[in-house]
Number of protein chains: 2
Amino acid sequence: MPGPAITARDLARHLGVSQSMVSRAFSPGASVAPEMRARILQSAAEMGYRPNIIAAALSRRRSSIVGIVMGELSNPFYPAVLEQLTGALGAAGFQPLLFTVPPGQEADAALPMLRQYHVDAVVVTAASLSAAGAADWLGDGRSAVLFNRTAAGEAEPQAIAGTPLPDSVACDNVAGGHAAAEALLARGRRRLAFVAGRPDTSTSRERERGFREALQARGLPPPLRADAGDFSYEAGHRVALDLREADGIFFANDILALGGLDALRHEMGRRVPEDVSVLGFDDIPMAAWPAYRLSTLRQPVPAMVARTVDLLRARLAGETDGPRAERLPAELVERASL
Amino acid sequence: MPGPAITARDLARHLGVSQSMVSRAFSPGASVAPEMRARILQSAAEMGYRPNIIAAALSRRRSSIVGIVMGELSNPFYPAVLEQLTGALGAAGFQPLLFTVPPGQEADAALPMLRQYHVDAVVVTAASLSAAGAADWLGDGRSAVLFNRTAAGEAEPQAIAGTPLPDSVACDNVAGGHAAAEALLARGRRRLAFVAGRPDTSTSRERERGFREALQARGLPPPLRADAGDFSYEAGHRVALDLREADGIFFANDILALGGLDALRHEMGRRVPEDVSVLGFDDIPMAAWPAYRLSTLRQPVPAMVARTVDLLRARLAGETDGPRAERLPAELVERASL
DNA sequence: ATCGTGATTGCATCCGCATGCAAAGCCCCT
DNA sequence: AGGGGCTTTGCATGCGGATGCAATCACGAT
């Protein structure tokens with residue numbers, strides 16, 4: 001028997017005031033005499049009253065809950081994101097309702113649920129949102145921000161001006177790819193290779209594009225290319241085996257790079273960085289471990305999280321500008337694999 | 001302007017029936033003629049109607065939301081737990097509302113929030129719940145299950161019979177510690193050491209107890225002991241440096257063991273397993289990586305998650321037996337560090 | 001044709017809080 | 001003393017569904 005939680009009415013009766021006053025005492029900016037509010041808040045504290053958020057959500061048509069849909073949590077980059085995100089969201093007065101979608105699946109599957117829960121907004125990370133899903137969701141005024149992802153069709157001409165795009169916060173992957181090429185080249189590497197992750201992710205594609213463009217800009221031949229198909233240690237390990245020719249490998253992210261590093265060292269007998277330089281992307285905790293000392297491009301997660309929350313706030317406050325695509329710079333972290 | 005979601009009333013009017021019927025059509029077991037229900041469900045699908053869970057929660061006094069409070073997500077064991085837990089919870093019709101508490105802090109801090117959201121139940125993992133917090137929460141009929149943790153005072157005499165204890169699901173850490181000792185001994189190791197993690201966690205303590213008891217039972221001297229103070233790679237790395245004497249080290253969990261392994265190999269020049277055997281606990285993905293090949297005691301996470309959800313279901317169905325403490329066996333996974 | 005019974009509906013209310021609107025209360029000025 | 005304008009309060013109602021209870025209905029039995 002869930003303890004008969006005390007309600008605003010109970011408190012009101014106890015104080016001999018109306019329920020409205022109790023409600024107002026808890027709504028910042030409502031019209032209440034200072035002493036009245038103080039009196040109410042005090043008794044509330046004494047009697048252990050706390051507004052029922054469910055009821056408030058129903059009445060106010062705003063839940064203060066934001067959905068987070070995550071694809072795989074197996075890439076260590078995401079737990080860190082999740083941790084920071086829940087923290088920041090909480091500080092901003094939101095609670096995250098967590099949805100996970102099977103890796104490789106689109107976030108769309110979670111949309112119906114999200115609607116049912118009437119979340120105020122949704123942040124999608126480690127998964128993508130189809131253009132149709134986005135249109136559907138944004139279509140009736142809800143907001144969404146893609147984290148570490150780019151909206152499907154973001155680069156396309158405004159031909160599809162009719163379909164709204166979600167906001168997105170990510171780091172500048174193209175510039176990152178560019179920096180990766182420069183770093184490898186600066187080390188004298190010339191037989192470069194790129195290892196792609198999941199082919200349908202903007203992260204992998206943009207990083208590759210930046211990498212290729214940098215080489216092209218220098219008049220150098222395009223890099224070798226391996227398709228891991230997936231952002232996993234195993235996939236990185238597997239495809240590295242095919243990269244005997246390369247003397248400089250840029251992996252689409254750290255987890256792939258770690259797998260590759262182990263393959264190079266333990267299976268292929270190649271020394272890193274003597275024989276081959278390796279670069280990752282993200283800067284997950286393991287990259288710094290002595291067993292790896294992976295050089296990588298660090299994503300500014302704290303800043304990305306802060307932007308995400310700011311964006312959410314602005315949207316919920318009614319801002320309706322065109323979709324924003326925030327891009328933060330990645331930073332090269334040089335360790336021992338370069 | 002959040003699209004004027006269609007309500008049960010809208011649908012009802014559209015079909016010329018009462019709102020109650022719509023509601024009933026969506027409540028399994030309610031009294032509705034089969035054809036009526038079919039008709040309603042169909043139009044619902046066509047018009048895109050889905051019951052507003054917030055409203056339902058208010059009315060039914062049950063939210064179908066369960067809170068998950070997590071301490072640190074930095075130990076890779078927990079993201080995996082979280083992923084499986086959200087999946088299983090979802091399959092059982094619950095949605096997880098995620099709370100994170102700063103590492104080292106008790107889950108109590110999240111309790112007020114959890115009450116406000118009127119979650120049906122809470123599962124606490126990677127954090128502990130103080131006896132007072134538990135009493136407070138359970139006191140008024142709510143339920144809680146500790147995951148990979150033991151209730152504070154669970155072993156104590158029923159002197160505190162008045163204070164209810166939360167349910168708990170964990171693996172049999174004592175038996176695991178026992179198995180660890182046996183495995184090390186079987187390898188001929190005699191100068192054993194135990195590396196403790198956070199001192200206030202049941203996991204670290206129980207594993208240590210099992211380890212010591214096993215040695216004692218054989219009439220062997222107690223193990224050396226190092227206090228990492230924390231379940232982290234860095235802590236494991238640091239304390240391993242003090243374990244020159246040991247030829248067999250049992251770390252309270254994998255993440256500590258990985259740090260220790262790197263210290264032993266890269267800083268101390270010791271060969272594993274030639275000079276020293278290392279054992280961890282959990283079996284996180286990294287334990288299997290070629291760079292480590294850590295032998296460990298695997299926690300049966302899928303089974304633990306299943307039990308957790310079953311327990312939750314039973315509790316919400318009204319079961320009020322004494323607190324349950326489910327213990328599942330850990331399994332020794334022998335890789336190359338033994 | 002009449003009555004009893006179980007299956008279906010509709011009605012009215014309630015869940016706990018938010019909020020527009022009108023009633024009251026106050027302070028200050030003429 | 002009378003009136004204007006602003007601040008506090010209380011009232012009534014709404015949010016979207018769930019549900020106890022009474023009203024209907026359909027049918028088979030007598």
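Letters go in sequence order (proteins before strands), and every chain restarts at 1.
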Listed pairs, N/O of protein and of nucleotides 7-9 of chain C, under 3.5 Å:
residue, atom, partner, partner atom, Å
C:dT9, OP2, B:Ala33, N, 3.2

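When the side-chain nitrogen and oxygen atoms of B:Tyr117 are compared with OP1 and OP2 of C:dG16, none of them lie within a distance under 4.0 Å. The side chain of A:Ser23 contributes no N or O atom lying less than 4.0 Å from OP1 or OP2 of C:dC17.
Mapping A:Val22 and B:Gln19 onto DNA chain C by nearest heavy atom places B:Gln19 at the nucleotide closer to the 5' end.
The separation between A:Ile53 atom CD1 and C:dC15 atom C1' is 16 Å, rounded to whole Å. The CZ atom of A:Arg37 sits 14 Å away from the C1' atom of D:dT7 (whole-angstrom rounding). The distance from atom CD of A:Gln116 to atom P of D:dG16 is 15 Å, rounded to the nearest whole Å. Going from atom CZ of A:Arg13 over to atom C1' of C:dG16 covers 12 Å, rounded to whole Å. Between the CG atom of B:Leu58 and the C1' atom of C:dC15 there is a distance of 4 Å, rounded to whole Å. B:His118 has its NE2 atom 8 Å from the P atom of C:dC17, to the nearest Å. Regarding A:Arg9, its CZ atom lies at a distance of 11 Å from the P atom of C:dA18, rounded to whole Å. Rounded to whole Å, atom C1' of D:dG16 lies 10 Å from atom CG of B:Asp10.
For B:Tyr49, the ring pair (Phe, Tyr, Trp, His ring centres under 6.0 Å) partners are B:Phe26, not counting sequence neighbours.
Atoms CE and CZ, on A:Met113 and A:Phe99 in that order, are 7.0 Å from each other to the nearest 0.5 Å. Note that CG of B:Leu316 is 12.0 Å distant from CZ of B:Arg142, once rounded to the nearest 0.5 Å.
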A:Ser63 vs B:Tyr117, side-chain hydrogen bond (donor to acceptor under 3.5 Å, both in side chains): CA-CA, chis, key distance, verdict: CA-CA 10 Å; A:Ser63 62; B:Tyr117 279 93; over 6 Å; no

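Just one residue in the list A:Arg327, A:Arg313, A:Arg315, A:Arg324 forms a salt bridge (charged side-chain N to carboxylate O under 4.0 Å, His left out) with A:Asp167, and that residue is A:Arg315.
Not a single donor-acceptor pair, N or O on each side, falls under 3.5 Å between the base of D:dG17 and the side chain of B:Arg60. Side-chain atoms of A:Ser20 come within donor-acceptor range of the base of D:dC11, with a qualifying N/O pair under 3.5 Å. Between the side chain of A:Ser59 and the base of D:dG14, at least one donor-acceptor pair of N or O atoms lies under 3.5 Å.
Salt bridge A:Asp310/A:Arg307: absent, no basic N to carboxylate O contact under 4.0 Å.
Counting only residues at least two apart or on different chains, no ring pair (Phe, Tyr, Trp, His ring centres under 6.0 Å) pair has a member in residues 120-141 of chain A.
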